[in-house]
Amino acid sequence: MKQAVIVDAARTGLAKSFRGSFNQTHGATMTAHVIKGLMDRTGLPADCIEDVVIGCGYPEGETGGNIARQSGLLAGLTKTSAGQTVSRFCASGLQAVATAANAITQDGAGAQVAGGVESISLIQPKTRRVPEPGLAANMPEVYHSMIETADLVGARYDVSREDQDAFSLVSQQRIAAAQNAGLFANEILEMQTVMSVKDRETGEVSERAAIVDKDECNRPTTTLEGLAGLAPVREGGCVTAGNASQLSDGAAALILMEAKEAEVRGLNPLGAFKGFAVAGCGPEEMGIGPVFAVPRLLERHGLNVQDIDLWEINEAFASQALYCQRRLGIDPDKLNVNGGSIAIGHPFGMTGARLAGHLLHEGQRRGAKLGVVSMCIAGGMGAAGLFEIY
């Protein structure tokens, strides 16, 4: 039986959207930087990649025109490497990994690059959602904002504001501790870029060279008192700027190939991709998608929650992440052990690939054997991926 293994994984640091270091960096530039870094690090020849599969929440504008193909060519892969862009919004990066792995195991495909990218800075100001009249009339919750759905989850499932803030503080503390310990050093590939800077007093916009060698979005000095003092985004709601993932830009990638090919090339894989599942839920409570996707994934593999050594569940909002942890019965000490998106941000299409890569790197450090990556998805869905860690 063929097995898809991950031989390496890396990413850019995450930069705050609109005001961060990637605020005018093209999506292909970020993604190509990571692909090239992985190719250099593994010593793989440029012509060995059969396909580049990149997830993107908004595959348009500077991340449009098949961003996967552009990224592969810009990274120096040969023209014989194909490229496909996939979008399952917040699970796009994980979907890309599943798509690449299935090509290897089901179709006998060669080595693949899988990853994700999002340039919220460049794309979000240009997007305009146009509701379909029938859906707008009969299922308006499909068009609810993510904040609306997170507020509803908090109220419907009794996830208190206090508990959400406490969960968020842990995310900040864990990210800061991991940064101080250098735990992201083998994940983040330093990148030089040019950012735009707007003078707050004059409004004048200038350019400035920047080096992104770490995540720029987290706030190590966060306190519970500070979080409690933040006003909710919506009147009467529970979501604040402190207990929700912030908008950020970045790219991540993994290199996958069949296990025997990795052996022949003398590579030591981080782990293997074992399975993937998706599930739908009510669009009005889209954040709880993992509570349906995770059991489906585990059942297919004859596993239960206690069999999993390490979990990465995207922190889109504290309300939904905390509810999913409670409902699934996940040990908090095994979940997002080095923090999550509440602290460092959520570039929609990139996050799934970031979580998968981090799960494998951290899993090796801890001697973990099985890990799960999961997240909620806009529109009322959840996705989950199972990894064996070597």
Next item on the list: Measure the spacing between CZ of Arg234 and OG of Ser145 and express it to the nearest 0.5 Å.
Entry: 6.0 Å

Checklist line | Donor-acceptor pair, side chain of Asn23 and main chain of Ser196, under 3.5 angstrom | finding: yes

Notebook entry, point to check: Do you know which of Leu44, Val5, Asp8 makes side-chain contact (heavy atoms from CB on, under 4.5 Å) with Leu267?
Noted result: Leu44

Checklist line | side-chain contact (heavy atoms from CB on, under 4.5 Å) partner of Met257, chosen from Ile6, Val264, Thr42, Val7 | finding: Val7

Margin query: Give me the atom names and distance for the closest heavy-atom approach of Leu256 to Ala100.
Written below: CD1-CB, 4.5 Å

Checklist line | Polar side-chain atom of Gln325 near backbone of Ile330 as donor-acceptor pair, under 3.5 Å | finding: yes

Next item on the list: Could you check Asp165 against Leu169 for side-chain contact (heavy atoms from CB on, under 4.5 Å), going step by step and ending with a plain yes or no?
Entry: CA-CA 6 Å; Asp165 288 345; Leu169 179 63; over 6 Å; no

Next item on the list: Check step by step if side-chain contact (heavy atoms from CB on, under 4.5 Å) holds for Glu141 and Leu152.
Entry: CA-CA 11 Å; Glu141 60 269 27; Leu152 183 144; over 6 Å; no

Checklist line | More than 12 heavy atoms from other groups under 6.0 Å of CZ on Arg129 | finding: yes

Margin query: Treating Asp199 as the side-chain partner and Glu201 as the backbone partner, does any N or O pair qualify as donor plus acceptor under 3.5 Å?
Written below: yes

Check: Counting only heavy atoms not in Arg19, do more than 12 fall under 6.0 Å of its CZ?
Finding: no

Note to self: With a 4.5 Å cut-off on side-chain heavy atoms, are Ile308 and Leu298 touching?
What the structure shows: yes

Checklist line | Heavy-atom pair with the smallest gap, counting every atom of Leu230 and Arg161 | finding: O-NH2, 2.8 Å

Margin query: Looking at Cys238, is its backbone amide N or carbonyl O close enough to the side chain of Asn243 to form a donor-acceptor pair, meaning the two atoms are under 3.5 Å apart?
Written below: yes

Notebook entry, point to check: Side chains of Phe276 and Asn102: does their closest heavy-atom pair fall under 4.5 Å?
Noted result: no

Item checked: In one Ile/Leu/Val/Met/Phe/Trp/Tyr side-chain cluster, 4.5 Å: Phe89, Val153 -> no

Checklist line | Interatomic spacing from CE in Met139 to CD in Glu132 - rounded to 0.5 Å | finding: 11.5 Å

Note to self: Using modelled atom types and a 3.5 Å cut-off, is there a donor and acceptor pairing between side-chain atoms of Asp309 and backbone atoms of Leu370?
What the structure shows: yes

Margin query: Looking at Lys126 and Glu60, is any side-chain nitrogen of the basic one under 4.0 Å from a carboxylate oxygen of the acidic one?
Written below: no

Notebook entry, point to check: Are Leu94 and Ile389 in one and the same hydrophobic cluster, where Ile, Leu, Val, Met, Phe, Trp and Tyr link if side-chain heavy atoms are under 4.5 Å apart?
Noted result: yes

Check: Are Phe184 and His358 near enough that their ring centres are under 6.0 Å apart?
Finding: yes

Notebook entry, point to check: Atom CD in Glu148, atom CE in Met146: separation rounded to 0.5 Å?
Noted result: 9.0 Å

Notebook entry, point to check: Are Tyr323 and Leu335 linked, directly or through other ILVMFWY residues, by side chains that come within less than 4.5 angstrom of each other?
Noted result: yes

Next item on the list: Check whether any side-chain heavy atom of Glu62 sits under 4.5 Å from a side-chain heavy atom of Thr29, and report yes or no.
Entry: no

Check: Has the side chain of Thr12 got a donor or acceptor atom that lies under 3.5 Å from a matching backbone atom of Ala251?
Finding: yes

Notebook entry, point to check: Is a salt bridge present between Glu258 and Lys2, judged by a nitrogen-to-oxygen distance below 4.0 Å?
Noted result: no

Notebook entry, point to check: For Gly329 and Val305, which heavy atoms make the closest approach, and how far apart are they?
Noted result: O-CG1, 3.7 Å

Note to self: Looking at every non-hydrogen atom in both residues, tell me the closest pair between Ala15 and Glu216 and how far apart they are.
What the structure shows: CB-OE1, 3.5 Å

Check: Hey, are the side chains of Thr25 and His33 touching, using non-hydrogen atoms and a 4.5 Å cut-off?
Finding: no

Notebook entry, point to check: Under 3.5 Å, side chain of Glu285 to main-chain N/O of Gln320, donor-acceptor pair present?
Noted result: no

Notebook entry, point to check: Hey, what do you get for OG1 (Thr99) to CD1 (Ile54), rounding to the nearest 0.5 Å?
Noted result: 11.0 Å

Check: So do the side chains of Leu227 and Gln172 get within less than 4.5 Å of each other, counting heavy atoms only?
Finding: no

Notebook entry, point to check: Roughly how far, to the nearest 0.5 Å, is the CG atom of Leu270 from the CZ atom of Phe387?
Noted result: 11.0 Å

Margin query: Between His301 and Asp307, is the side-chain contact (heavy atoms from CB on, under 4.5 Å) condition met? List the steps.
Written below: CA-CA 11 Å; His301 293 270; Asp307 294 321; over 6 Å; no

Notebook entry, point to check: Mind checking whether Glu312 and Asn336 have side chains closer than 4.5 Å, heavy atoms only?
Noted result: yes

Note to self: Under a 4.0 Å threshold between the charged nitrogen and the carboxylate oxygen, would Arg11 count as salt-bridged to Glu187?
What the structure shows: yes

Next item on the list: Could you tell me which non-hydrogen atom of Ala10 sits nearest to which non-hydrogen atom of Val34, and how far apart they are?
Entry: O-CG1, 3.4 Å

Checklist line | Partner residues of Phe18 under the ring pair (Phe, Tyr, Trp, His ring centres under 6.0 Å) criterion, sequence neighbours left out | finding: none

Margin query: Salt bridge or not between Glu263 and Lys260? Use side-chain N to carboxylate O under 4.0 Å.
Written below: no

Check: Would a distance-only check, ignoring hydrogens and angles, find a side-chain to backbone donor-acceptor pair under 3.5 Å from Thr63 to Tyr58?
Finding: yes

Checklist line | Approximate separation, where rounding is to 0.5 Å, of Ser245 OG and Glu315 CD | finding: 8.5 Å

Check: Looking at Glu118 and Arg354, does any basic side-chain N land under 4.0 Å from a carboxylate oxygen?
Finding: no

Next item on the list: Please report the C-alpha distance between Ser17 and Asp249 in whole Å, then the side-chain angles of each, then the deciding distance to 0.1 Å, and finally whether the side-chain hydrogen bond (donor to acceptor under 3.5 Å, both in side chains) criterion is met.
Entry: CA-CA 6 Å; Ser17 295; Asp249 307 321; 3.1 Å; yes

Checklist line | Residues, nucleotides or ligands: over 12 heavy atoms within 6.0 Å of Lys36 NZ | finding: no

Next item on the list: Start with the C-alpha gap between Thr351 and His346, add the side-chain angles, then the distance that decides, and say whether side-chain hydrogen bond (donor to acceptor under 3.5 Å, both in side chains) holds.
Entry: CA-CA 6 Å; Thr351 293; His346 173 30; 2.6 Å; yes

Next item on the list: Would you indicate whether Glu299, at its atom CD, is surrounded by more than 12 heavy atoms from other residues, nucleotides or ligands within a distance under 6.0 Å?
Entry: no

Notebook entry, point to check: Side chains of Met286 and Ile377: does their closest heavy-atom pair fall under 4.5 Å?
Noted result: no

Check: How about Glu204: does its CD atom have over 12 heavy atoms from other parts shown lying under 6.0 Å from it?
Finding: no

Next item on the list: Say whether Leu303 and Val294 are linked into one hydrophobic cluster, either directly or through other cluster members, by side-chain heavy-atom distances under 4.5 angstrom.
Entry: yes

Check: Short question: side chain of Ser374, backbone of Ala383 - any donor-acceptor pair under 3.5 Å?
Finding: yes

Margin query: In the structure I gave you, are the side-chain heavy atoms of Met350 and Leu14 within less than 4.5 Å of one another anywhere?
Written below: yes

Notebook entry, point to check: What are the two closest heavy atoms between Ala46 and Ser81, and how far apart are they?
Noted result: O-OG, 4.1 Å

Item checked: Worked verdict on Arg88 versus Val278 for side-chain contact (heavy atoms from CB on, under 4.5 Å) -> CA-CA 10 Å; Arg88 198 187 284 274; Val278 294; 3.7 Å; yes

Next item on the list: Look at the side chain of Asp215 and the backbone N and O of Gly13, then say whether any donor-acceptor pair between them is shorter than 3.5 Å.
Entry: no

Check: Going only through I, L, V, M, F, W and Y residues with side-chain contacts under 4.5 Å, is there a path from Leu328 to Phe292?
Finding: yes

